[in-house]
2 protein chains.
Amino acid sequence: MRHQEDGTARQQQGGTARRRDGQRLLERRTTLAAIAAEAGVSLPTVSKVVNGRPDVAPSTRARVEQLLDQHQYARSGLRRHRRSGLVDLVFNGLDSPWAVEILRGVEEWGAQHETAVAVSSVRHGDARPASWTSALASHDTDGVILVTTRLTERQLGQLRSAGIPLVVIDPANAPPPEIPSVGATNWAGGLAATEHLLSLGHRRIAAITGPIDYLCSLARVDGYRSGLERAGVRFDQGLVRYGDFQHEGGFARAVELLDLPQRPTAIFAGSDQQAFGVYEAARQRGLRIPEDLSVVGFDELPVARWASPPLTTVRQPLAEMGSAAAQMLGELIEDRPLRSNRVELSTELIVRESTAVPAKSRESGK
Amino acid sequence: MRHQEDGTARQQQGGTARRRDGQRLLERRTTLAAIAAEAGVSLPTVSKVVNGRPDVAPSTRARVEQLLDQHQYARSGLRRHRRSGLVDLVFNGLDSPWAVEILRGVEEWGAQHETAVAVSSVRHGDARPASWTSALASHDTDGVILVTTRLTERQLGQLRSAGIPLVVIDPANAPPPEIPSVGATNWAGGLAATEHLLSLGHRRIAAITGPIDYLCSLARVDGYRSGLERAGVRFDQGLVRYGDFQHEGGFARAVELLDLPQRPTAIFAGSDQQAFGVYEAARQRGLRIPEDLSVVGFDELPVARWASPPLTTVRQPLAEMGSAAAQMLGELIEDRPLRSNRVELSTELIVRESTAVPAKSRESGK
DNA sequence: AAGTGTTGCTAAAAACTTTCGAAACGCCCG
DNA sequence: CGGGCGTTTCGAAAGTTTTTAGCAACACTT
């Protein structure tokens, strides 16, 4: 084994060291030769493993592959074009605490990959026309992450023709299948929220979701509907309202629902912000949460924990979604193939104190 | 052996030292050539490192970057007039809803001025060393806004010598007077909050502020103290606690305060997040807000309005602070003189439902 | 015009692939 | 049982591609 080490060390460092003299020659990228030395085989053999050549014994192959894996070996090269070290994160409105969670995830990835994250906000009805894509190009972006945005053919075309990689998070409309996207299991989340309320004994459960033309709104309501149907509770379209995911919308829709002749005993709010709107409407009417009204949110913003009462909500891993999207964008930028074009991170029901068994008196009215 | 010395020493000492002879050779601004000599590479190679060109070996790049950092290298060609249309917004941690408010202000300005905003987060105790400034330079930023950051001479020096304009928002420590800064009238806010509580009849008023080494923490507490003194109420150091501006700190400090033998009837929380921590502590102890405990926050985050009960707080115009800072940065970038080097936007007390007249029973004990 | 920094080009070195032959192994038949 | 023969496995060496760094010419600012 001694001679093996000699063999590789010579080639690798001999030249460099001589030239550089006393200088440090640290941090070498893991190279085939290094792997070979460690595995106790020759360099060509490692090369064969990497390229799936047939003439390697299974046991040898396994050993080398394990080392390869361990060293996170990536074949040198493939960094074709020069990177600017800047990616753009485009929100559809920056007014939600929601956004900052995503941003955190993306920024974290950026920090680890020496990449800056430029944040911008483009509202749908914005005065600024479609030219925002050219603005992106003007500062030489490496790639774009679009959040909750409605994608137009035109914009996609612009990005594509500029050769700018794109990943979308929670797209409003279904993106063309070739666009990588990241989302959460909205349907499952809606289902979990509804089943939780059903299991507490609620039967008259209302839902306030986001704008009707958002995919994630629909998915959440669909989960809600499935939950009801599976429990044999009739789905009542009159108990479904479309908000805007914001506090105001939640408040306004909650007011409508609470003024219904047969008031619901629980509201699935479709976003934490809307849930707080429901809180406000309930407070205005002197209804106590959860005694008189159970509320479930969606998102798990940090404030959900601190609300009074703490909000039962469906956790959406926002920061993780951000870093997952950034991760995918990174792969695209480096021209590596994507493992999957669609990533869905799972949601999780978090039960706190805003949900409880409904008051008997009110239920009896059926 | 002969050629070894040739490689590194030739240029460096043969040239410089001989020419200068007995003279001091320190004065010279560090130039690429000097770095190159020291690193034992050629000048163009250093240039490539500076510009993030891909054709430099990782080990070489690391060595050169280290030297660059050490020498506080700054490009010689005075101010670059070609603008990149990119400014950097650097937070000290991105975990607060606070941050997104500032971001909104800056982004708004950016949108109006065709400038992208790159967001990053550098924590004080961060593993990444001083080299974040060079990261900024590498993507060719037009200017930097630092938020709630502790400024070191070194960092300032790096930015200054790179000719990158800088504006700070709410600096932790007092910046050198020539650095433009934006803040709020923290002292007046603390005063207003305290006077409000006093006018309701509270006499035992506690304060939870931010970290003791933050200027804005001190100013707020100082306003609180002045309010007490003007009203003839003795200032009790035992009622002042230092949190972290976050929810957790507010909770922990509130627990301490509420467990005091003589419990305060009101708490000035120094930030909205901390105020919610106080809410939680109060809830745990079965204290009702505002009947048993009045709470005043600071910031006026959007959630303050939606909390239960809605939070009385001191509004800090965060978004305006962001756009004011961006505005100033814009002037600096265009080499226009600044109207003022220090902008203080005014705070405003917003009375909601978390403050009330203290319960008589408890006060009588005084 | 001098000082500084940038960039295309080229040569070299390094990293990786491929070819090919030798050793090791096993199998069959004499 | 042992030697010929084919097969498998691996490495030496030669070939190929990619990376790296310096040269020299160019660009920009005083």
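The figures here come from the full heavy-atom set of this structure, side chains too, leaving out hydrogens, waters and symmetry mates. Labels below follow one simple rule: chain letters A, B, ... track the order of the sequence lines, proteins then strands, and each chain is numbered from 1.
- Scanning both residues, A:Leu329 and A:Leu166, for their nearest heavy atoms gives CD1-N, 4.1 Å.
- Scanning atom types as modelled, no donor and acceptor separated by under 3.5 angstrom connect the side chain of B:Lys48 and the base of C:dG5.
- The shortest distance between the side-chain N/O atoms of A:Thr31 and the OP1/OP2 oxygens of C:dC16 is below 4.0 Å.
- B:Glu108 meets the salt bridge (charged side-chain N to carboxylate O under 4.0 Å, His left out) test with no other residue; sequence neighbours excluded.
- A residue-by-residue look at A:Ala57 and A:Pro44 shows that A:Ala57 has its nearest nucleotide of DNA chain D further toward the 5' end.
- Between B:Asp55 and B:Ser47, the residue whose closest nucleotide on DNA chain C is further toward the 5' end is B:Ser47.
- By the 4.5 Å heavy-atom criterion applied to side chains, A:Thr149 and A:Val168 are not counted as neighbours.
- The residue A:Val56 sits close only to the backbone: its heavy atoms come under 4.0 Å of sugar-phosphate atoms, none of a base.
- If you measure from atom CG of B:Leu43 to atom P of D:dA21, you get 14 Å, rounded to the nearest angstrom.
- Separating the CG atom of B:Leu32 from the P atom of C:dT6 is a distance of 6 Å, rounded to the nearest angstrom.
- Side-chain N/O atoms of A:Arg53 include none lying less than 4.0 angstrom from OP1 or OP2 on C:dT17.
- Applying the salt bridge (charged side-chain N to carboxylate O under 4.0 Å, His left out) criterion to B:Glu331, with sequence neighbours excluded, gives B:Arg336.
- The side chain of A:Ser42 contributes no N or O atom lying less than 4.0 Å from OP1 or OP2 of D:dA12.
- A:Thr60 has a side-chain polar atom (N or O) that falls below the 4.0 Å cut-off from OP1 or OP2 of D:dC10.
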